[in-house]
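Following this message is one structure expressed as structure tokens.
A, B, ... follow the sequence lines: proteins, then strands. Residue 1 opens every chain.
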2 protein chains.
Amino acid sequence: MNRFLSHATNRIDAKGRVSVPSAFRAVLTEAGAKELYCFQDFVFPAISVGGPELLDRFERQMASEDPFSDAANQMSLLVHGGGVFVKLDPEGRLMVTDFIRDFTGISTDVAFVGRGDHFQLWEPQAFARAQAEAREGRKQRGLRPQ
Amino acid sequence: MNRFLSHATNRIDAKGRVSVPSAFRAVLTEAGAKELYCFQDFVFPAISVGGPELLDRFERQMASEDPFSDAANQMSLLVHGGGVFVKLDPEGRLMVTDFIRDFTGISTDVAFVGRGDHFQLWEPQAFARAQAEAREGRKQRGLRPQ
DNA sequence: GCTTCTCCCATTGACGCCCATATGGTCCCA
DNA sequence: TGGGACCATATGGGCGTCAATGGGAGAAGC
């Protein structure tokens, strides 16, 4: 397993820490990432997290846009300027800062959501809603992969 | 037999486990799958289960689209984030987690339903109803294969 | 000096692995 | 054709391990 898949919800403790799921930690150590880079998702109320190579992914995305468009400009602002570094403690926990709480609405529990080459932090209810909406959209457009 | 066919209902034990029917396990071992990938069906209140190739199929579909489009983003949320890995114990049982229970309404028994290249977990009553409705729908449209 | 962060250790509860039992079906033989 | 032995599957439960969580103490920063 070398990608971020599946999801799990963990509780924030009294000190504001939360355990990163074991499966995700395994991916990180395999990739050799000792420091994580976080920034706000462009569409969802979620924080994207990954190793340093995560920057590459979003720079590719920016490159796919017209470099002078508003979208590319905003992405650069969020990715380059809005990012935050986070590191894990020896038990594999991270601090849930106000940067994370304010943008996601997270208060007591964190949903860790795999996105392939990175993962995201969600307020659990918001994740459930976004998923339900995405499923509904798929259904209406008749894009069932079966 | 290399496909998932027919259906069977098994009971959940006190620890929340349920035996995967022997016929389905045989298909899985023949395919060499030691870990299973599950996700919520887009139409029915059922969990779809299959080997890693089930995930591959979704990813091929995503790869065929613009990787940074909204559609791909939604698809990733559902497939990467919405899926769950499950593994069988040495006796061929799986844990029925809240992820499965909440979406399907399963409480004490699980209906295993073959769907060709994958199988599904249903609440037995819901499966019976959906089957009856499907039968009725075909009858009304004059599409009965007999 | 006080707050905040980091590291270390303890607890506990869930999960994976093991073995035991029940139950139903099949095959063989009388 | 009926009975019985055998086998496979489903089910039940004990136990060890590991991940998630909680809290204490030292170190660093304000």
For this session: Starting at atom CG of B:Asp89, determine the distance to atom C1' of D:dG13, rounded to an integer number of angstrom.
Result: 13 Å
Exercise. Choosing from D:dC15, C:dC7, D:dA19, which nucleotide comes nearest the side chain of A:Pro90?
Worked result: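 That would be C:dC7.
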Exercise. Counting any heavy atom closer than 4.0 Å, what does A:Ser19 reach on the DNA or RNA strands: base, sugar-phosphate only, or nothing?
Worked result: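 Base: the residue A:Ser19, judged by heavy atoms under 4.0 Å, touches a nucleobase.
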Problem set entry | A:Asp13 with A:Arg93: basic N within carboxylate O range, under 4.0 Å | yes
Problem set entry | Donor-acceptor pair, side chain of B:Ser19 and main chain of B:Pro21, under 3.5 angstrom | no
Exercise. Taking only N and O in the side chain of A:Arg25, is any of them less than 4.0 Å away from OP1 or OP2 of D:dA20?
Worked result: yes
Seminar exercise, completed: Rounded to whole Å, CZ of A:Phe112 lies from P of D:dA20 at a distance of 9 Å
Exercise. Is any side-chain N or O of A:Lys87 closer than 4.0 Å to OP1 or OP2 of C:dT6?
Worked result: yes
Problem set entry | Donor/acceptor link under 3.5 angstrom from B:Glu91 side chain onto base of C:dC17 |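 For B:Glu91, whose side chain was compared with the base of C:dC17, there is no donor-acceptor pair (under 3.5 Å).
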Exercise. Between the side-chain atoms of A:Arg17 and the base atoms of D:dG23, is any donor-acceptor pair under 3.5 Å?
Worked result: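 Side chain to base: pair present.
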For this session: Select one nucleotide: of D:dA20, C:dC18, C:dC8, the one nearest the side-chain heavy atoms of A:Arg93.
Result: C:dC8
For this session: Under 4.0 Å between any heavy atoms, over every strand shown, what does A:Arg11 touch: base, sugar-phosphate, or nothing? Just pick one.
Result: sugar-phosphate
Exercise. Would you call B:Glu59 and A:Arg3 a salt bridge, using N to O less than 4.0 angstrom?
Worked result: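 A salt bridge links B:Glu59 with A:Arg3.
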For this session: Verify whether one side chain among B:Glu123 and B:Thr104 offers a donor that lies under 3.5 Å from an acceptor in the other.
Result: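 Their side chains do not contain a donor-acceptor pair, so the 3.5 Å distance test is not met.
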For this session: Name the nucleic acid region contacted by B:Val86, choosing base, sugar-phosphate or nothing; use a 4.0 angstrom heavy-atom cut-off, strictly under.
Result: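 If one applies the 4.0 Å heavy-atom cut-off, B:Val86 turns out to touch nothing in the nucleic acid.
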